[in-house]
Amino acid sequence: MIYMKTFFLSLLFIATTASAGEIYVSPKGSDNASGSVTAPLKTPQRALRMAREWRRTNDVRAKGGIRIILEGGSIFRLDEPLLLKPEDSGTEDSKTIITSLGAEKAVLSGGMVLNTEEKACKEVDRGAKGVMKKIKANLNIQNGATPDMPENTYIIEPTYLAGVPQLARSLWVNGKKRSLATSFGEGVMERIIDFNKTHETITIPAKALKDFGIETIKDAPQLEMVVHQRWAIAILRVKDFYFEGDNAVVSFLNPESRWEFAHPWPQPVTEGERGASSFLLRNARQFLDKEGEWWQDYATGKVYCCNAVGQELVIPYLNRLVTVEGTAQEKVHDIIFENIAFEHCAWQRPSRCGHVTLQGGFAITEAYKLVENEGLPWAAGLENQAWIERPEAAVSIRHGVRVDVKDCLFTHLAATALDYVDGCKDITIEGNMFHDIGGTAILAGTFLEGATEVHRPYGWTTDGRKGVIAPEDYTERVMISRNKVSDVTNEDWGGVGIGCGMVRNTTISDNTVTKVNYCGICIGWGWTPEDTGMRENSITGNIVSDYARQLYDAGGIYTMSNQPNSVITGNTIGAPFVAPYATNYRAFPIYFDACSDGFRVYDNRISVNNVVKEPYGYNNPGKSMVVEQLTDKKK
């Protein structure tokens, strides 16, 4: 009661200078309330409906804009994503602003809190009949160096919905992400021995399984393999394996087995410059041998985690927090998200169908090498085709105009954080913080996902005719400025910090990007010298460091395809991380990938190291590149 009085007093203080078009929301409110300062609504969904009705009925309270004000510091646990439609649009002089009360951000969360009261948790049986004791008894390892669960490992009951336990691939304990139980430790890998396209198998050292007492797939039915593939990873659900001497030959479930062994780029290598591609195994109870790990039994939903009693354990439930969905004919416009925190989103794709990517976290839906009569009308030398799916995002905007995100926090998210899919215009993404993101922090523009083959120039037909690039579908005039991006791509290493596909008149300026496993800032798509509408893009004043931590064929700043009248200037780019499992040396501060053209590159401060000695990387660039050649002093 004291809490609510304090809340209302703070609202009343602000209300003395507030305009009429304000809707207040508190988790302790009621959706039957008026939404006033003293009678707040309970849910953001109800607030959106109220705002929509004000606009539909030309209510005077919509004049000058509508502010939906969420109680600062409160957590709004969503049971469905917020959906904004064309009817939710504001106008340039009457915007809809979704914000927090005061400096402390309100949280929109897609997470569920597990019950960790002592009476609800069961300590793992570590006696003679315990699971790990049985494993230990079956192994003959010198000096007793055998895997074992940490002390104080507890079994936590899952949350049930409609009688079904909620399954997860991510877990946060007191706001810190735990690693899904893995064979060698978080981020540690070993080299593969063979990659057999004919039999669709990968051969690895047998000890990677036998050392944990895993003799058949029945011992670890949820077993997954993560494979390092130069500039991407594959996550493969294990179907079966058998032992051949000191080796284990592993096969995988479909559809990912078909994708993995049919697509040529990228695939693992066994004879790279720096050795064979690497792998790790995970998602087996036997791997739960470190305090920072966790595991969930999919059959029962029960969660295994150490030091869990009395702590806050959160698993993500929703795959999406906010959807802004317009159409080419009717955009959603004049919406601002300001001073909001977006937290706890799930990524379930690897559990459903594995995860085999082409590049940048975009999952393959079909891909294969052209066997006869290579080439297509737009690329005579093309030797493969691929179709992709866009990664899931916590906040997704499609066909939005002046839908801005400012001073927000994105954290504890398992896939992409913020995504402007296509048809978005006049966008400002400014002053936000992105931290602890499983995939890419910011995506913008089409990457030819869906029905279009990824190498076909945008606007072309399948028979090779140049079509008209539909302006209503293009993403343009995007400003990505003063954002801080760190610790991203921590689940899908192939994501990037900031990734723009086919965009034009887009500026990426004064951002800080660090601790990313692939590229820092990327712009362009299509592997083509043709005109696809990309032009007049600018990358200026950014600071990029600690990138390419796991994957190479990477750049601190990365470009692709023809982008006339574009510039890269005034950026500070550190040397690439010395990635421990990269199979080549292809990582650069600035990397001009396939058919990059139209850029003027000058006045950048670039660092190199003993492994990466060149400031620029090139892969078949065009003839209209103007690149400042750096002396050792300038570097």
Side-chain angles (χ1 to χ4, degrees), residues 231 359-361 410 416-418 429-437 439-444 478-490 492-501 503 506-524 537-560 563 566-579 582 585-593 596 599-609 611-618 627-628 630 634-635:
W231 61 86
Q359 187 168 321
F410 294 79
T416 302
L418 176 61
I429 308 166
E430 184 177 47
N432 305 288
M433 179 175 289
F434 299 83
H435 178 75
D436 184 15
I437 308 297
T440 295
I442 303 171
L443 276 180
V478 179
M479 170 64 76
I480 304 173
S481 177
R482 297 193 300 105
N483 301 285
K484 294 183 179 180
V485 177
S486 67
D487 186 20
V488 299
T489 72
N490 59 34
D492 184 353
W493 296 349
V496 302
I498 299 172
C500 293
V503 298
T506 287
T507 298
I508 305 172
S509 68
D510 303 305
N511 303 282
T512 300
V513 180
T514 187
K515 198 175 181 183
V516 56
N517 286 310
Y518 181 42
C519 297
I521 297 173
C522 300
I523 194 163
N537 295 317
S538 173
I539 303 176
T540 64
N542 302 283
I543 300 173
V544 183
S545 64
D546 202 7
Y547 58 94
R549 293 175 60 85
Q550 293 287 359
L551 306 176
Y552 268 24
D553 285 87
I557 294 175
Y558 170 102
T559 69
M560 187 194 290
Q563 304 180 49
S566 295
V567 298
I568 301 174
T569 185
N571 302 283
T572 300
I573 313 163
F577 193 87
V578 182
Y585 295 94
R586 294 188 58 77
F588 310 93
I590 302 180
Y591 183 25
F592 306 111
D593 203 357
S596 288
F599 283 92
R600 183 181 174 213
V601 183
Y602 63 99
D603 288 346
N604 296 287
R605 187 179 183 89
I606 293 175
S607 299
V608 294
N609 57 31
V611 174
V612 178
K613 300 179 180 180
E614 297 298 325
Y616 306 126
Y618 295 91
V627 180
E628 179 184 38
L630 300 179
K634 288 182 180 178
K635 295 177 193 176

Legend entry - Side-chain ion pair, D546 and K515, N-O less than 4.0 Å: no

Side-chain touch [X]/[Y], heavy atoms, less than 4.5 angstrom:
{"X": "V612", "Y": "Y585", "result": "no"}
{"X": "F599", "Y": "Q563", "result": "yes"}
{"X": "Q359", "Y": "W231", "result": "yes"}
{"X": "V513", "Y": "I498", "result": "yes"}
{"X": "Y518", "Y": "W493", "result": "no"}
{"X": "D593", "Y": "T559", "result": "no"}

Legend entry - D510-N542 side chain donor-acceptor pair, cut-off 3.5 Å: no

Legend entry - S486-T514 side chain donor-acceptor pair, cut-off 3.5 Å: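 No.
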
Inset, instruction - Ignoring hydrogens and angles, tell me if any N or O in the side chain of D492 forms a donor-acceptor pair with the backbone of G494 under 3.5 Å. - result: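 Yes, because the side chain of D492 sits within donor-acceptor range (under 3.5 Å) of the backbone of G494.
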
Legend entry - Heavy-atom donor-acceptor pair, T489 side chain to G439 backbone, under 3.5 Å: no

Could you state the interatomic distance from [atom1] ([X]) to [atom2] ([Y]), rounded to the nearest 0.5 Å?
{"X": "I573", "Y": "N604", "atom1": "CD1", "atom2": "CG", "answer": "5.0 Å"}
{"X": "R605", "Y": "I543", "atom1": "CZ", "atom2": "CD1", "answer": "11.0 Å"}
{"X": "R586", "Y": "Y552", "atom1": "CZ", "atom2": "OH", "answer": "12.0 Å"}
{"X": "R600", "Y": "T569", "atom1": "CZ", "atom2": "OG1", "answer": "7.5 Å"}
{"X": "K484", "Y": "T512", "atom1": "NZ", "atom2": "OG1", "answer": "6.5 Å"}

Legend entry - Of I557, N571, I480, N483, the residue whose pairing with I508 passes side-chain contact (heavy atoms from CB on, under 4.5 Å):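 Testing I508 for a side-chain contact (heavy atoms from CB on, under 4.5 Å) against I557, N571, I480, N483 leaves exactly one candidate, I480.
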
Legend entry - Aromatic Y547 / basic R549 pairing, under 6.0 angstrom, 45° off normal: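 Pair R549/Y547 does not count as cation-pi.
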
Legend entry - Derivation of the side-chain contact (heavy atoms from CB on, under 4.5 Å) call for V627 and Y602: CA-CA 6 Å; V627 180; Y602 63 99; over 6 Å; no

Inset, instruction - Kindly give the heavy-atom pair with the smallest separation between A579 and L551, and that separation in Å. - result: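 Reported closest heavy-atom pair: CB-N, 4.5 Å.
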
Inset, instruction - Verify whether the ring centers belonging to Y591 and Y558 lie closer than 6.0 Å. - result: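 Yes; Y558 has its ring centre under 6.0 Å from that of Y591.
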
Legend entry - Test side chain to side chain contact (heavy atoms under 4.5 Å, CB included) applied to S538 - qualifying residues, sequence neighbours left out: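 Listed in chain order: T507, T540, V567.
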
Legend entry - side chain to side chain contact (heavy atoms under 4.5 Å, CB included) involving T440 - partner list, sequence neighbours excluded: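 Listed in chain order: T416, L443, V496.
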
